[in-house]
Structure formats: structure tokens, C-alpha cells
Amino acid sequence: MSGVIVTNPPKADADDVQALAGYGVATVSEAMGRTGLLGPGIRPIQQGVRVAGTAVTVLSWPGDNLMIHAAVEQCGEGDFLVVTTTSPSTDGMFGELFATALHKRGVKGLITNAGLRDTQELREMGFAAWTRAVSAQGTVKATGGSVNVPVAIDGQVIRPGDVILADDDGVVVVPRERARETVERSEAREAKEAATRAAFLEGQLGLDRYNLREKLKELGVEYRTYEEYEGVRP
């Protein structure tokens, strides 16, 4: 397997990335029309952490972490390492030593649909990671691959420089050209949700706020008392 290492790809604006970090993954995905989400199989190894950064992508051979070593050199402040393999793999391709090198370079965290290890050490050093598998199985450094090329995870194409936002709910990718638009849409959605939250705190029901009673009627859903439902008559 040959490959390529692309240097200095375009990136989303840093201010937009920082702004997106203020919103949850669910909010940002909804703001983009319910798109951009990676699958639920990629889970955080920590809790209570939300980070956003620009993608540095890695395409590796299964069970081989050579290209992660190559990718470290391409990573800088505010980046988010994204690692995938040419076919499914759960081997522990990433661990504490990689995290140490990336932390030194200001990298926000790791996304991988393969595996990682040293989870306790990663949590202790504050290096955030989302992964499909946790495995102590080691890897080799023997096969070429690519860095900073478009990759696909769970049907989502991730290009170098796209925004990666991750939290306890999962991971969403925002195309770099849509970062500013998505910030504005996320802000509007948060404002709308704040108004709804206030209404719920005052006792309003979602059935009324969203005009769902008419929808229930259209769908033929009926209200019945317990006695009517059970066929009991007084």
C-alpha cells in the first residue's frame, strides 16, 4: 500500500472552531439539518469533556500505526487527529506515548474507528479520545498509508481542515466551508431551545408548544379513560 502525506491543507477559521466548541454535538448536527454525525459506536474514553478542532486525517493499514507517527509531524495547535484504517480493525493503534507527543503540539484530541489503549493514562493527562474499541493488542510499523487526505468514517467524509466536535454524545464533522454558517445556525437553535426551556419551567407542555395535539388527532390517536379502555362501565 503506497500513500501520500499532504502538508499545509486549508483549515476552518480558528474563531469559528472556538465558537462551535461552545455548542453540543447534538445542537450542531441539528443545525446542519441532522447531518455530520459519526455512528454511535465511537464513544469517549472520558466523561464531561467537549472539544473542537481541525482534522488531521490518517489512513492506515489495519494493525499498523506507522502513519500515525507520520501524522504527528503534521499536527499543530488546535488540531484533532482522525485515524481510520483501510479495513476494520480493533487493535490498540494509539496510546500514551502518541498522546504525549500530540499534547506537546497542542492537539485537542483523537478520533479513531480502530482501537486505542492506555485509557487510564490518557484520562490522567487530560488527552481526550473517542474510539470504536479499547484493546491492549499492539501493532507494527510496516505499511505505508496517507496523511491529510479525505477519509470516511460511518459514511461521513472527513477532509483535512474540517471541524471535529466531540462530547459525551458522540462526534460530528462540520465541513470547513460551512463552519461560520453552522455557528450562526447553532446560535439560533440554542436561543430557540432556551425559550422552550423557560416555557417548560413555567409548566407548558410540549404537546401545546409544538402544536402536537392536532397531529395526534390527524394520526387517529384517541384519549380514553381507564374505564373506557378496559371496557368497564359504571
Side-chain angles (χ1 to χ4, degrees), residues 6-38 42-58 68 71-84 94 98-113 122-131 147-151 153-154 156-195 197:
V6 179
T7 61
N8 300 318
K11 296 182 179 182
D13 182 81
D15 289 340
D16 293 337
V17 176
Q18 183 176 0
L20 285 169
Y23 303 105
V25 165
T27 295
V28 170
S29 176
E30 293 281 356
M32 291 196 299
R34 298 182 182 176
T35 62
L37 287 174
L38 275 57
I42 297 181
R43 303 302 304 154
I45 64 166
Q46 66 284 312
Q47 290 291 305
V49 175
R50 178 189 297 158
V51 289
T54 46
V56 171
T57 61
V58 182
I68 300 180
V72 171
E73 183 181 26
Q74 303 305 316
C75 290
E77 189 75 31
D79 284 333
F80 217 131
L81 190 65
V82 178
V83 179
T84 187
F94 184 98
F98 273 136
T100 299
L102 291 173
H103 186 73
K104 173 67 175 178
R105 301 177 78 87
V107 173
K108 295 291 188 177
L110 168 81
I111 304 294
T112 180
N113 70 341
L122 265 59
R123 286 190 293 270
E124 289 175 350
M125 68 186 295
F127 189 86
W130 286 255
T131 184
V147 176
N148 278 334
V149 299
V151 298
I153 296 179
D154 294 340
Q156 296 294 336
V157 174
I158 303 172
R159 302 166 306 160
D162 285 346
V163 183
I164 300 294
L165 174 66
D167 62 17
D168 289 349
D169 290 339
V171 182
V172 64
V173 54
V174 180
R176 56 181 181 260
E177 302 91 343
R178 296 188 61 189
R180 170 47 32 192
E181 166 201 350
T182 304
V183 170
E184 295 170 353
R185 290 178 177 269
S186 297
E187 182 180 6
R189 182 170 181 83
E190 284 249 316
K192 181 180 178 181
E193 289 187 350
R197 187 178 301 109

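The structure displayed is predicted, hence computed values, not measured ones.
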Which of V82, V72, V83 passes side chain to side chain contact (heavy atoms under 4.5 Å, CB included) with V58? It is V83
Shortest non-hydrogen contact between V51 and A128, atoms and distance:
CG2-CB, 4.4 Å
Counting only N and O atoms by type, is there a donor-acceptor contact under 3.5 Å from the side chain of T57 to the main-chain atoms of P150?
no
Can you give me the closest heavy-atom contact between G53 and F80, atom names plus distance?
N-CD1, 3.7 Å
Residues V107 and G76: closest non-hydrogen pair is CG2-O, 3.9 Å
Keeping T182 on the side-chain end and R178 on the backbone end, is there a donor-acceptor pair under 3.5 Å?
yes
Within this structure, what is the CD-CG distance for the pair Q74 and N8, rounded to the nearest 0.5 Å?
7.5 Å
Verify the neighbour count for atom CD of E73: are there more than 12 heavy atoms of other residues, nucleotides or ligands below 6.0 Å?
no
Euclidean distance, Q156 CD relative to I42 CD1, rounded to 0.5 Å:
10.5 Å
Using 0.5 Å steps for rounding, measure from the CG atom of D16 to the CD atom of E181.
11.0 Å
Do you know the tightest heavy-atom contact between A52 and K108?
O-CG, 3.5 Å
Residues, nucleotides or ligands: over 12 heavy atoms within 6.0 Å of E187 CD:
no
Assess the residue pair L110 and F94 against the criterion (side-chain contact (heavy atoms from CB on, under 4.5 Å)); give the C-alpha distance rounded to whole Å, side-chain angles, the decisive distance to 0.1 Å, and a yes or no.
CA-CA 9 Å; L110 168 81; F94 184 98; 3.6 Å; yes
Please report the shortest heavy-atom distance between V25 and L165, naming the atom on each side.
CG2-O, 3.5 Å
Nearest 0.5 Å please: distance from the OG1 atom of T84 over to the CG atom of N113.
3.5 Å
How far does CD of E190 sit from CZ of R185, to the nearest 0.5 angstrom?
15.5 Å
For a side-chain contact (heavy atoms from CB on, under 4.5 Å) check, start with the C-alpha distance between V172 and M32, then their side-chain angles and the critical distance, and finish with the verdict.
CA-CA 10 Å; V172 64; M32 291 196 299; 3.8 Å; yes
For E193, is the CD atom crowded, meaning more than 12 foreign heavy atoms sit under 6.0 Å from it?
yes
Could you give all pairs that pass the side chain to side chain donor-acceptor pair (under 3.5 Å) test and reach residues 42-56, with sequence neighbours left out?
T54-D79
Of all heavy-atom pairs between A55 and I164, which one has the smallest distance, and what is that distance?
CB-CG1, 3.9 Å
Given the rule in the side-chain contact (heavy atoms from CB on, under 4.5 Å) test, do R180 and V183 qualify, once you have shown the distances and angles that lead to the verdict?
CA-CA 5 Å; R180 170 47 32 192; V183 170; 3.9 Å; yes
To the nearest 0.5 Å, what is the distance between CG on D162 and CD on E177?
7.0 Å
Checking W130 side chain against D167 main chain: does a donor-acceptor pair fall under 3.5 Å?
yes
Steps toward side-chain contact (heavy atoms from CB on, under 4.5 Å) verdict (I68, F98)
CA-CA 8 Å; I68 300 180; F98 273 136; 3.5 Å; yes
Can you tell if the side chain of T7 reaches within under 4.5 Å of the side chain of N148, non-hydrogen atoms only?
no
Strictly distance-based, threshold 3.5 Å: is any side-chain N or O of R105 a donor or acceptor partner for the main-chain N or O of C75?
yes
